[in-house]
Each structure stands twice: as structure tokens, then as C-alpha cells.
Amino acid sequence: MSGKSASREEKAARIRRLLATEGESVERNTQGFNRGRYEAVAELSDYEGLKDEARAIKEDAIERLPELIERVRESVEANGGTVYLAEDAADANRYVREVVRDADAETVVKSKSMTTEELEVNDALAEAGAEVWETDLGEFVLQVADEAPSHIVAPAIHRSEADIATLFEEVFGPEEPLETADDLTRFAREFLAEKIREADVGMTGANFVAADTGTLTLVTSEGNARKSVAATDTHVAVAGVEKLLPTFEDVAPFVELIGRSGTGQSITSYVTFLTPPGDAPTMEFEGEETEAASEVGGENDREFHLVLVDNGRTAMREDDQLRETLYCIRCSACLNSCANFQHVGGHGFGGETYSGGIATGWEAGVHGLDSAAEFNDFCTGCTRCVNQCPVKIDVPWINTVVRDRLNRGAEGNFDFLVEGLTPDEESGGLDLQKRLFGNFPTLAKLGSATAPVSNWLARAPGVRALAERTLGVD
Ligand code: SF4
């Protein structure tokens with residue numbers, strides 16, 4: 001058995017395992033989000049127009065990115081905050097560690113942020129001795145389980161209520177049994193409220209950052225981002241540079257689209273606009289007291305740090321074929337509408353950080369092609385996701401481009417079979433299986449045009465075994 005086929009078998013075994021262990025929860029949740037999306041976008045009078053508007057804003061913002069970085073620096077500094085442009089993950093983590101150290105912070109509370117997952121901030125802070133708590137319920141479950149997210153919006157989508165109940169019982173041994181979703185949520189809420197009270201630093205991501213005002217837009221289901229910021233003196237927001245929009249007005253179409261596209265909600269439960277540092281007094285918590293009147297009363301010595309992360313994004317911007325990835329608002333519509341993702345979830349169809357079809361662009365850009373190679377062929381190029389994307393990203397095309405790049409240099413002598421099946425003319429060697437499926441419509445056309453011959457060939461003795469061995473096609 002060749003090494004290549006062994007690795008295919010390993011991959012198949014892993015997929016079967018995921019289907020058996022996580023498939024049911026992933027399918028139920030993604031299909032629910034997907035149905036909700038159809039209903040929520042149907043409420044819009046001009047859905048297509050809104051998508052065009054959002055796309056145009058993102059194209060303009062990425063085109064003007066260097067100017068917007070300077071603009072937001074001026075705005076945030078005028079508001080009393082600091083902007084740090086981090087070159088890569090190590091640089092961003094070093095800066096965040098310094099802020100946490102300067103604040104003498106023992107506890108840091110975080111709201112959900114895929115960018116901090118990308119940077120692995122939690123590990124960096126733990127190494128520096130800080131206790132870090134995820135306050136988003138899904139992220140908290142994963143932190144307790146020591147697992148990676150399986151979805152960019154709903155990170156614990158692969159876990160059922162019963163799973164989570166068992167996990168909490170094992171880890172926390174609560175006095176009362178935790179049986180229902182309400183019990184679990186209440187338990188996590190009380191546990192995290194305590195951590196929020198103890199915390200000195202609150203970390204958030206940002207869905208959008210308005211360059212003209214320095215305003216962050218945070219879209220959450222639980223309101224934990226605003227709690228983490230309000231309850232702590234020092235706020236660190238970590239955002240990829242692509243989150244910048246030229247003006248605060250530009251945020252409006254995205255607020256209309258993001259919740260509808262992702263979880264199928266007309267509007268997400270909490271949409272928070274923060275222009276930090278805020279001018280509310282910081283909170284002093286005494287013992288178990290939680291009455292508002294006893295919580296407020298500290299000096300207004302709030303600090304704000306906006307960490308803008310490059311980590312490969314400038315190179316993506318300069319790459320004509322990967323640039324489109326930067327328009328992504330990480331809504332998850334392409335994941336939820338993908339038949340493959342609906343079954344296997346992000347632990348199969350995903351890389352180091354990101355999941356789903358668009359993860360190929362993100363992983364190739366921020367972690368490198370090798371990370372994308374692990375899961376890139378889960379995209380079959382069916383194009384179902386393209387119309388669901390609120391910024392009209394051609395996700396299958398990005399997958400085709402990356403797949404082609406991955407396969408250059410591979411051995412093979414069947415170029416005549418894949419002529420015209422790759423995104424551009426130039427080509428080195430090839431992996432036949434991947435290249436054959438690199439452009440599904442052309443392959444289908446070829447099959448239809450030669451139907452009598454292909455059918456005869458397919459039935460001929462030994463052909464299927466040969467095709468499987470050489471092309472990986474059964
Ligand atoms: S590619 Fe489009 S649909 Fe997919 S997560 Fe990004 S914005 Fe949403």
C-alpha cells in the first residue's frame with residue numbers, strides 16, 4: 001500500500017469517526033441555522049442590493065487599508081486609547097502580555113474572538129502566569145473540554161446538551177445535577193460572573209472597526225463582551241486589519257446582514273457599539289455584592305488598547321487571488337449551507353483555526369498552504385455557498401486556487417486530462433485526484449460530452465480499480 005493511499009485511508013477513518021461522534025449535533029445545528037437564514041433574508045426588501053453595498057464597502061476598505069490604519073490610529077488616540085499594529089502572532093501576543101503585566105492582572109476575561117484563537121493568545125497569557133477565562137458559553141465549554149472550535153460562530157456546535165452535562169459534572173462536580181440547557185447555562189453564567197468580578201483586563205475581538213470614530217462593533221448572543229469591558233479597567237481589543245471600515249455609517253449594512261446570514265436571526269441578541277476608553281467610572285466589587293449601586297464608584301482610569309493584527313493579511317491583500325478572503329465577515333453562512341460541512345463539521349472540514357470553505361483562504365493566508373492542505377479537498381466546488389455569502393465571495397474559486405497551488409510540484413504525467421481544469425494556464429506537476437475535481441463543472445461537461453465512451457470504459461473489467469488507484473476516483 002502506498003503512503004498516499006494509507007494517508008487517504010487514515011483520513012477516511014477520521015471522517016467516519018467524526019460522523020459517528022459529532023455528525024448528529026453538527027447536522028442538526030447547521031441545518032437549523034441554514035433554514036433560519038432563508039427565512040431571515042426573505043424579510044429584507046432588497047437582499048441582493050444590501051449584499052452589493054456590503055461588497056462595495058469591503059472592496060473599498062481593503063483597497064484603502066494603509067490609509068484606514070492611519071485614520072483609526074488618529075481616532076483612537078484622540079479618544080484616549082492606543083493602537084498597536086502587530087506584524088504577526090508572536091508580536092501581538094508579546095504586546096498583549098505586556099499590557100496584562102502592566103495592569104498587574106491576575107485574571108483576564110475574554111469574549112469570543114476567532115482572531116485571538118488564530119494568535120493562541122490564551123496560551124501566551126497562561127505562560128505569562130495570567131488566568132484566562134472565556135466568557136462566551138460555547139468557548140467556555142471548549143476551554144473546559146480543552147478542545148478547538150468546530151465552527152467559526154458557534155464553536156461548540158458539535159457537542160450535545162448531554163455531552164456538556166457530563167463534562168460539567170466531571171469537571172465541576174456541582175452540588176445539584178445539571179440536567180437541562182437552562183441548568184447548564186445558569187451554572188456557567190454564575191461561574192463566569194465570579195471570574196468577571198475578579199478580572200482586571202477584559203479582552204474582546206471586534207466584528208467591525210470604524211476608522212473615522214474608533215468605534216468597535218461587537219455582535220454577540222450573550223452580552224458577555226460588554227460585561228467583560230464594563231467590569232474591567234483595561235480593555236484590549238484584538239482585530240485583524242481587515243475589520244476596518246472607513247466610516248461608522250458603513251457598519252449599517254453589515255449589522256443587517258451578519259446575524260441573518262449566520263444564525264438566521266433578524267438581529268443578533270446584542271449589538272454593542274463601543275468607542276473606548278469609555279467614560280463610565282470603573283467598577284469596584286466588594287465580596288459577593290452585586291447590587292449596581294455598590295459596584296460603581298472607582299476612578300475613571302479606563303485604558304484601551306486596539307491591537308490590529310496583520311499576520312499575513314498584507315500579503316493576502318497583495319495577492320490578487322487571496323485578496324477576496326479579506327472581505328469575509330465570518331458570518332458562517334458558507335459553512336451552514338455546505339452539504340459536506342453539515343455532516344462532518346469544522347473538526348474535519350477546517351484547519352488550525354478556521355473552518356468551512358472560506359477557511360482555505362484564511363488558513364493559506366495566516367498559517368500557510370500546508371494548513372489548508374489538510375482539509376481543502378472537502379470543498380467539491382458545488383458553489384451552493386456563493387449566493388449565501390453576504391459579501392458575494394466566490395468561496396469555491398478560492399479553494400480551486402489554493403488547491404492548484406498545493407498541487408504544483410506533485411508528480412504526474414496526465415496533464416492532458418486536466419487541461420483547462422485549473423485556475424490558470426501555468427502548471428507544474430499535479431495530484432490527479434485533486435486537480436480533476438479542481439473544476440467540477442468542466443469535469444462534468446467532459447463526462448457528458450463523452451458519455452458513451454465513459455460509460456463503456458466505466459463498465460470495462462478492472463477500470464474502476466485502476467481509476468481508484470491512479471486517480472483516487474471510484
Ligand atoms: S465567506 Fe462569506 S459566507 Fe463565508 S463566513 Fe465569510 S462572509 Fe460569511
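Keep in mind that the numbers below use all heavy atoms, side chains included, and drop hydrogens, waters and symmetry copies. Atoms within a ligand are numbered from 1 in the order they appear, just like the ligands themselves.
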For Thr220, which residues count as a side-chain hydrogen bond (donor to acceptor under 3.5 Å, both in side chains) partner, sequence neighbours excluded? none
I'd like to know if Arg55 pairs up with Asp52 as an ion pair, taking the criterion as any Lys NZ or Arg NE/NH1/NH2 lying under 4.0 Å from an Asp or Glu carboxylate oxygen. no
Going from CG on Asp212 to OG on Ser75, what distance comes out if it is rounded to the nearest 0.5 angstrom? 6.5 Å
Under-4.0 Å salt bridge between Lys195 and Glu131: yes
Could you list all the side chain to side chain donor-acceptor pair (under 3.5 Å) pairs where at least one residue sits in residues 37-46, not counting sequence neighbours? Asn34-Arg37, Arg37-Gln388, Glu43-Arg260, Glu43-Ser266
Return the set of protein N, O or S atoms whose distance to atom 8 (Fe) of ligand 1 is under 2.8 Å, each given as residue and atom. Cys331 SG
State which residues pass side chain to side chain contact (heavy atoms under 4.5 Å, CB included) with Asp182; sequence neighbours excluded, sorted by chain then number. Thr180, Arg186
